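Chain letters run A, B, ... following the sequence lines, proteins first, then strands; residues in each count from 1. The structure displayed is predicted, hence computed values, not measured ones.
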Amino acid sequence: MYKAYHNEMKQKIKNLILQAAERAHQKGELPSSEFPSIDIEEPKLEEHGDFSTNAAMIMASVQRMPPRKIAEAVLRNLDNSEGMISGMEIAGPGFMNFFIHTAFWYPVLREIFEADTRYGFSDLGKGKKVQVEFVSANPTGPLHVGHGRGAAVGDSIGNILSFCGYDVSKEYYINDSGRQIQTLGRSVFLRYKQLFGENIPFPEDCYQGDYIIELAKTIREEKGGGLLECGEDTAIGCAARFAAESIMKGIRNDLEAFGVRFDSWFSEQSLYDSGKVDAVIRDFRNRKIIYESDGAGWFRTTDYGDEKDRVVVRSSGQTTYFASDIAYHQDKFDRGFERIIDVWGADHHGYMPRMKAAIEAGGHDRNQFEVILVQLVNLLRGGVPVAMSTRAGEFVTLSDVIKEVGRDAARFLFLTRHYDSPLDFDLELAKKKTNENPVFYVQYVHARISSIVLKAREKGMENEAEDEAAVAMLKEPEEIRLIKTMARYPEVVRCSVEFMEPHRITFYLMDLAASFHAYYNKHRVLTDEPVLSRGRLYLVSAVKKVIRNGLTLLGVGAPEKM
RNA sequence: GCGCCUGUAGCUCAGCUGGAUAGAGCAACGGACUUCUAAUCCGUAGGUCGCAGGUUCGAAUCCUGCCAGGCGCGCCA
């Protein structure tokens, strides 16, 4: 397994400390031989060194000594014969701070070049099959901005999982069955009738958007007045099928334009057709997990921590949405996924306990099923909220947003917040080409470096070749800072996958970009000194790779020119 | 009423499962282009981490109670 250099350094320091503590104990400087597990962390402030540890404070109670005394004993016995540590100190209440010799940072660059697109990779997933289901919007209308955020988060989480060694499948669940499809058909059919001059009211519980009228017109073009003659039920069914298919096609196009690719599109109806819904209900009935009351079939979800039992079979005999959802998630496990991740809008959070119940009742561990609840998006234009009403059918669609601000800006901005906090998405800001807009700020780094590399090529310089003498020329504080920041990247990716938080990558990239721009403004890469230039070219080429890798995980492009 | 989420600089947000003097960006003010892209950089200023307790060497972070905002509590999806 590929092991990040940064991590190795941490581990090394940890071992040095433990060895030193052991030695101190043998010499009688520390009373106890018991050394609790210690953490090596990276201090926020540069003055506090490259690594630091609270080990002495943790040991204080066991050793029955003041932390600073313990730290003194440890540092006195620390073996730095390798020369990796250029300085150590005891600070504050008992922190031990370590400064790493510059030369020990250089190997990071080589690591980046060797790993290239795989830099930051880890084998955390070990090939485990995991499914990420996201968007899954009903085919009753176009995608809106909220779906866009879900798409950005879900897709990125999928990318990160896959980058970290999981066998990932991204799936879209199509709710092509049930009542809302019926309503869709009715809406379109009524508009259709209106087109033929029938003066009939359009009910409030129908879909209000103009796209319904468009669909009705298309049917008229293709089939003329044929639907008027085949009886209401068949006509509505026909309109529903046509509308759902057509809307789904639009959704697929929007997602394609957004750079989101699904491995599979799963139809709800197929669960009924294959009998899987009936099978699950039968099974749960046999196992007394479903009981009858008031003529309906109730799933005893309270046995699994839900606050009340839920209906799966209505007294009319029809199943609820929940019923097919149970079958659906069952099916996910049947397909061999060991980990199931659903990305939902936060307004569905009340649905989580019953879904967890379904997982457990189906014989699986509730922890195998994870839900990412994405908070809502407030769409703004120049700071002013954009009026949106789904009921009235007035909303800005995802497609509108992509057309206006571009795919990269939209995706990146959706990932500039923890999914858990609501997001203000400002259309004007998304288009701005200043560093108010973090997308271009990060992409600009890539473009700037590309331009340097191009210039260097014209001069006959090669940027990929490793040259120890050249690398050794990197002595400026801004250069070392860049290397250190890049050394942190694998750790960022690891945390990002562990907590399934893509925004960590976003923030990291903004940080790396800031370090680069500062460097760029202060120092020239291509100078009169060939060796120095080669070293710097090597450095910025590494930055270019890390930026590209990070953007790729977010599904954002890394342009050569801007 | 019950449940979930949120509350950090004027604004928008980070804060690595308990660490040191709480960090960015924007807005404000003052500077930097004869240079590899100024879509950039440098500097200044800005805080009772919603409030009150508790846990301990140490709390923005964990626990309890309040306050404010958002969302959810259907034989809807």
### Message
Does this structure show an ion pair linking A/Arg381 with A/Glu404, if we count only N-O contacts that are shorter than 4.0 Å?
### Response
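Yes, this pair counts.
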### Query
Do A/Lys332 and A/Glu171 meet the salt-bridge criterion of a basic N to acidic O distance under 4.0 Å?
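Between A/Lys332 and A/Glu171 there is no salt bridge, as every charged N stays at least 4.0 Å from the carboxylate O atoms.
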Paired with [N]: which nucleotide, if any, by Watson-Crick or G-U wobble criteria at under 3.5 Å for both distances?
N: B/A52; result: B/U64
N: B/G1; result: B/C73
N: B/A14; result: none
N: B/A28; result: B/U44
N: B/G19; result: B/C57

Where the side chain of [X] is concerned, which of [options] is the nearest nucleotide?
X: A/Tyr444; options: B/C5, B/C71, B/U40; result: B/U40
X: A/Asp424; options: B/A20, B/C75, B/C13; result: B/C13
X: A/His503; options: B/A14, B/C71, B/A77; result: B/A14
X: A/Phe440; options: B/A39, B/U6, B/C36; result: B/A39
X: A/Trp298; options: B/C75, B/A20, B/C73; result: B/C75
X: A/Ser421; options: B/C16, B/C36, B/A14; result: B/A14
X: A/Ala518; options: B/C41, B/C13, B/G19; result: B/C41
X: A/Lys433; options: B/A39, B/U40, B/G3; result: B/A39
X: A/Arg504; options: B/G72, B/A77, B/G15; result: B/G15
X: A/Arg417; options: B/A39, B/C13, B/C76; result: B/C13

NA contact type, [X], heavy-atom cut-off 4.0 Å: base, sugar-phosphate, or nothing?
X: A/Lys522; result: nothing
X: A/Tyr441; result: sugar-phosphate
X: A/Asn97; result: base
X: A/Gln375; result: sugar-phosphate
X: A/His517; result: sugar-phosphate
X: A/His523; result: base
X: A/Arg524; result: base
X: A/Glu307; result: sugar-phosphate

### Message
Would you say the base of B/A24 stacks on A/Phe507 (centre-to-centre below 5.5 Å, plane angle below 30°)?
### Response
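A/Phe507 ring does not meet the centre or angle cut-off for B/A24; no stack.
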### Query
Less than 5.5 Å between centroids and less than 30° between ring planes, does A/His418 satisfy that with B/A14?
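No, A/His418 does not stack on the base of B/A14.
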### Message
Let me spell it out: for each of A/Ala513 and A/Glu268, pick the nucleotide of RNA chain B with the closest heavy atom. Which residue's pick is nearer the 5' end?
### Response
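The 5'-side residue here is A/Ala513.
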### Task
With RNA chain B as reference, determine whether A/Thr53 or A/Lys432 sits nearer its 5' end, using the nearest nucleotide of each.
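Taking each residue's closest nucleotide, the earlier one in sequence belongs to A/Thr53.
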Do any side-chain nitrogens or oxygens of [X] fall under 4.0 Å of OP1 or OP2 in [N]?
X: A/Arg310; N: B/G74; answer: no
X: A/Arg448; N: B/C36; answer: no
X: A/Arg314; N: B/A77; answer: yes
X: A/Arg488; N: B/C16; answer: no
X: A/Lys308; N: B/G74; answer: yes

Counting only distance, no hydrogens or angles, is the base of [N] paired donor-acceptor with the side chain of [X] under 3.5 Å?
X: A/Thr140; N: B/A77; answer: no
X: A/His348; N: B/G72; answer: no
X: A/Ser315; N: B/C75; answer: yes
X: A/Asp511; N: B/A14; answer: no
X: A/Asp347; N: B/G72; answer: no

### Query
Taking atom CG of A/Asp528 as the centre, does the number of heavy atoms from other residues, nucleotides or ligands within less than 6.0 Å exceed 12?
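Not more than 12 within 6.0 Å, no.
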#### Entry: Greater than 12 external heavy atoms within 6.0 Å of A/Arg314's CZ
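Check passes, neighbour count above 12.
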### Message
Just confirming the chi classification of B/U17, syn or anti, using 90° around 0 as the syn window.
### Response
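For B/U17, whose glycosidic angle is within 90° of 0, the conformation is syn.
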### Query
Quantified in whole Å, what is the P atom distance between nucleotide B/G18 and nucleotide B/A59?
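Nearest-Å result for B/G18 against B/A59 at atom P: 14 Å.
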### Task
For this output row, return yes or no: ring centroids of A/Tyr419 and A/His503 closer than 6.0 angstrom.
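No, ring centres 6.0 Å or more apart.
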### Message
Using ring centroids (six-membered ring only for Trp), state whether A/Phe266 and A/Tyr172 fall under 6.0 Å.
### Response
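No, the ring of A/Tyr172 stays outside the 6.0 Å limit from the ring of A/Phe266, centre to centre.
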### Query
If you draw the axis of the six-membered ring of A/Phe425, does the NZ or CZ of A/Arg149 fall within 45° of it and under 6.0 Å from the ring centre?
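So A/Arg149 doesn't make the cation-pi contact.
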### Modelled atom types, side-chain donor and acceptor of A/His6 and A/Glu491, under 3.5 Å
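The answer is no; no qualifying pair exists.
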### Query
Taking atom P of B/G43 as reference, at what distance in whole Å does atom CG of A/Asn521 sit?
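These atoms are roughly 12 Å apart.
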